[in-house]
Amino acid sequence: MPSLDHTIVHSTDRFASARFLAELLDAPEPKAFGPFAALKLDNGVTLDYAEHVAGGREFVPTHYAFLVTEEEFDAILGRIKARDLPYWADPMHSRPQQFNTHDGGRGLYVDDPDGHYMEFLTRTYSDELLAGL
């Protein structure tokens, strides 16, 4: 079965955005790779942060979800709180400074410096939950 190898994340400052996520995940420092700040994740997927240049058009923030262990979630939440960052239990940002407990796990959303929705969750959402959304 095919698997995702890498994707490009548009940013206004490639290293600032890549470092923001690397610090939350406690991941290694992003590496320069051509025009990218490459952030390699444990599962082998690389997020290639690129400074956005698209003929003056703005880019639309996107959503990235990271499946983490309970221990990693606790550490990420601790880093978010230590930095006094706003976070939400939902992608609509209607439940501030809370996390959700979908499917018996925990999840939260935080915006990166460019407004991308970074989600951290401890359980993959079930088909039943997704059908009810």
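Treat the numbers as computed from the prediction; the structure is a model and nothing was measured.
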Test log, rule side-chain contact (heavy atoms from CB on, under 4.5 Å), inputs D111 and Y87: CA-CA 7 Å; D111 292 349; Y87 63 95; over 6 Å; no
Heavy-atom side-chain contact between T46 and D5 under 4.5 Å: no
Atom pair CD/CG of Q97 and L85 - distance to nearest 0.5 Å: 9.0 Å
D114 (side chain) donor-acceptor with T12 (main chain) under 3.5 angstrom: yes
Cluster overlap F73 with Y109, hydrophobic side-chain contacts below 4.5 Å: no
Path from W88 to L21 over hydrophobic side-chain contacts below 4.5 Å: no
Expected output: side-chain T69 to main-chain E72 donor-acceptor under 3.5 Å: yes
Side-chain donor or acceptor of S17 paired with backbone N/O of P113 under 3.5 Å: no
Minimal non-hydrogen separation, Y64 against I8, with atom names: OH-O, 3.9 Å
Check: H63 side chain, Y117 main-chain N or O, donor-acceptor pair, under 3.5 Å: no
Atom pair CG (L108) and CD1 (I80), whose distance is rounded to the nearest 0.5 Å: 4.5 Å
Shared hydrophobic cluster, M118 / L77 (ILVMFWY, side-chain heavy atoms < 4.5 Å): yes
F15-F20 co-clustered via ILVMFWY side chain contacts under 4.5 Å: no
K40 backbone acceptor or donor facing H6 side chain under 3.5 Å: no
Step-by-step side-chain contact (heavy atoms from CB on, under 4.5 Å) determination, V9 to D48: CA-CA 6 Å; V9 181; D48 290 329; over 6 Å; no
Enclosure of N43 CG (heavy-atom neighbours >12, cutoff 6.0 Å): yes
Flag side-chain contact, heavy atom, 4.5 Å: R106 against L121: no
Distance in Å, F36 CZ paired with S11 OG, rounded so as to fall on 0.5 Å steps: 10.5 Å
In one Ile/Leu/Val/Met/Phe/Trp/Tyr side-chain cluster, 4.5 Å: L24, F66: yes
E51 side-chain N/O to R14 backbone N/O, donor-acceptor pair under 3.5 Å: yes
